[in-house]
Every structure is written in structure tokens, then in C-alpha cells.
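Everything on this sheet refers to the single structure shown next.
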Amino acid sequence: MGGQEKSKRLFETASRYIPGGVNSPVRAFGSIGSCPRFIQKADKALLWDEDGNTYIDMIGSWGPMILGHNHPEILEQVTDACQRGLSYGAATAAEVEMAKLVCELVPSVEMVRMVNSGTEAVMSAIRTARGYTGRDKIIKFTGCYHGHSDGLLVKAGSGVMTAGVPDSLGVPKGCTGDTLSAVYNDLDSVKEHFERCGEEIAAIIVEPVAANMGVVPPKPGFLEGLQKICDEFGALLIFDEVITGFRLGIDGAQGYFGIRPDLTTFGKIIGAGMPVGAYGGRREIMEVVAPLGGVYQAGTLSGNPIAMAAGLAQLSILKEHPDYYQKLNQDADDFYEKIKKTVKEYGFNYTVNHIGSLGCLYFTEQEVMDYESAKTSDTAAFAAYCNHMLKQGIYLAPAQFEAMFVSMAHTGEQLDQVLEAMAGYFSGRC
Ligand SMILES: *Cc1c(COP(=O)(O)O)cnc(C)c1O
């Protein structure tokens, strides 16, 4: 076990050549006042950094590694695909197999298009919804993340009735003017928009379990209510299942809650760690996508053979083992309930939200059901906790509003180690 010398040196060099030293802001560790750990290798539920420190990995590449790192069957399929060339820019059998499998696993999806990231999947699904309905406006929920395309970089205006104001420099106001913000778990905030301009709304996009403001499950009736409003006004319901797809179960959140959205977006698990996204849904809607219809969407590397090999291998294993989900969800349920108990034992009545393998310990005593309540968390306390956990060899997302991802590779002993490290932190705080 070393210190952080190599990581620190790498970060110095990285900061000279890469904005902020990282290729995605969530990796920066800035919000916990620390330096990114540069990862050298991973196996099952473990990570090793460049300084030789070992960590129990509670991120799993932000979701994709549901089977853990280095699954032998996946590696074999990928290695085999590599030997036949890295990309052709032409149709392949693997793409057909992938499309067929996704449609079989997720019944609301009758046709699917592969892309290279979750961002691309959502951006394309929204274009498709607009093309199909001939309408421009969309509704998104404050605190839900749908990738970094221009029109979706909107948290909220000052109130639910305001049209979107961009969250990022470089996004013209014109790009977010058709993005309406609503409050998660609050159907009335959605109805207000529809009462005002229901005939102009193409779609509602929602994370069926919000997992980018910690973890916020939908209240009973919320998703059903969205579907009802959409049906009433001829708008489409888009489930962004980039995190929940193939995670809550093989048929995602829509299977879990028994809802049939019009369109669905995938990412993360579908690529098993390779850069993959996908969007799909009802046949008549997907038929507006080029070259069949007038909605243009393309990708030089889309359906890449190596990426397809990895994704197909992972999805096939998951399909063959429904028992894996049962065990994962049960183990995770026990784990998150134990977190609640541990924290309470030391006198902290903090909120722990969880569903399936996704969970979040919020440093607040308030019930967390939307962005406003999530924001009541004490992020300074979270930072101290997170640094403690890293020192104890537990790799958590370095930000309060991220989920923890239990994988099928975590052992009971490893989850107990995580709990022990937590207990160590909270016992010291009393
Ligand atoms: C991660 C994520 C995205 C964006 O996916 P990228 O592959 O990072 O572009 C979109 N939607 C949700 C719900 C996500 O969690």
C-alpha cells in the first residue's frame, strides 16, 4: 500500500493537457477537496490505483460493470471479436443479434438503434419523438440527468412554469427554450405545463428511478400518472433507462414497475464497459428514423463489433441467470438497510434511499423525493466521509449526488468491509 504520489504526479501532468485533468467532470474529486485516484487495473469488485492501493469498487464504471470487472466470458468474446478487425463501418451479424436480444428482453422496444453513448441515445430519442409528433416542447425533471446535449442541460428555471434556462455556457437560449422543467414525483407540476401548452408537448423524458441526484425512486402512481397524461395529450413517454436498464432487472425499471413507455434509452450496462448507447421503442415511432423516415441520425462507429461483442456477452449472461438479479437485489437490500442501521446506531438519522442495487446515503434527515430535498444534504460532511472511505479502501463516487452501485461480483465479506469503514467514520464523529 502506497500513498498517492503517483496519482498526484499524474494529475499534475493531466491538468496541463486535459481540462481539469479529467475526461469527465465527475472524476475530478474537486467536490471532496481531493485528487483523483488513477486506476491501473480492476478485477471483479476490486480496483487498484497507480500507487498500489486496493479499493472495493462501489461505482462499477458508473453502472456498466454489473457482473464485475474482467468477467471471463465477456473477455473471451471481446478478444475473439478483436481478432476479426476493430471496425468496418458496415452491417454485421452481431448488431442484428443485439437488436433482437434487446427487443426480446424489453417488450416495449420493437425496434432499436445503436449509438455510442447515453447522451447520444437520449438526444436521438428526443429528436425522434419530435419528428413523430410534429411538436417541439419536451418536459424534463429537475435533477434528472440525460447526458450533455444542448437541449437537456437545464436544471430548472426559477419555478416550474419557466421555460428552461441553460445550465452551461455555450448553450444558446434557443436550444433550451423548448425544454420545460417539472418537479420529480410531483404530477401537478407536469399537469400545469400540459394545461398551458399540452398540444405543443412532444414528450416527457424521465429517469424512472432518478439516479443522478443520489437515488430517488418514483412514488407510487407517479410513473403511471405520467403515462396517463401523455396518452391524454398525444405526447410520448420516454424512459431514460441508461442507468436502470438491465439493472433493476433484465427488463429494467419498466419491467420492475410494469409501465410500457413509448421510447426507451439505454447506455452503461448495454455496453458492458464499452462506449455504447441505444434507443428504441414502438415500431411506428422508430420507423421515422432514417433511412426509413425523415429523422436523421447516424454514427460512423455505431454498432461497433467490439462493443457489440462485449454488450451481447454481458446481456446473454444476465438473460441466462435470472437468479443473479434475485441475489443481487436481495444482497443490496440487506446492505442498504444495514447502512441505515449503522448510521442510526451512532446517532445520525440520515436518509438512505435505495431500490435494487442502487442506493444513496444522504447527509440529511429530510425525506428525499426530489431535487430540492436532495439539496438539503450536508455536502461538507459528505466530503469528510468520502475521504475517510477512500483511506479505508472503499471507492465511492466523489460526490454526494451519485448512486452507489452494488454488483453481482461483490461478496458478503466485501460489503461488510464497506459497512465497517462507515461505522468507523460515524463512531468517530460522535
Ligand atoms: C449516464 C447517463 C446518461 C449519459 O450517458 P453517457 O454515456 O455518459 O453519455 C444519460 N442518462 C442517464 C440517466 C445517465 O445516467
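Whatever order the structure lists ligands and atoms in, that order sets their numbers, starting from 1. Note that these values count all heavy atoms, side chains included, but never hydrogens, waters or copies made by symmetry.
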task = Describe, in one word, how the ring planes of Y184 and F141 are oriented to each other, choosing from parallel (under 30°), tilted (30 to 60°) and perpendicular (over 60°).
result =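 If you compare the ring of Y184 with that of F141, the planes turn out perpendicular.
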request  = Look at the aromatic rings of F363 and F382 and report parallel, tilted or perpendicular, splitting at 30° and 60°.
outcome  = perpendicular
inquiry  = Under a 3.5 Å distance rule, please check whether S117 uses its side chain to pair with a backbone N or O of E120 as donor and acceptor.
reply    =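 Looks like yes, one N/O pair under 3.5 Å.
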message = Please enumerate all residues that pass ring-ring contact (aromatic ring centres under 6.0 Å, His included) together with Y55, with sequence neighbours excluded.
response =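 For Y55, the residues satisfying ring-ring contact (aromatic ring centres under 6.0 Å, His included) (neighbours in sequence not counted) are Y395.
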remark   = The answer, listing residues by chain and number that come under 4.0 Å of ligand 1 through any heavy atom, is S117, G118, T119, Y145, H146, G147, E207, N212, D240, V242, I243, K268
ask   = Is any side-chain N of the basic residue among K338 and D334 closer than 4.0 Å to the acidic one's carboxylate O?
value =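 No, no charged N to carboxylate O under 4.0 Å.
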request  = Sort out for me which residue in R84, Q77, Q83 forms a side chain to side chain donor-acceptor pair (under 3.5 Å) with D80.
outcome  =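 Passing option: R84.
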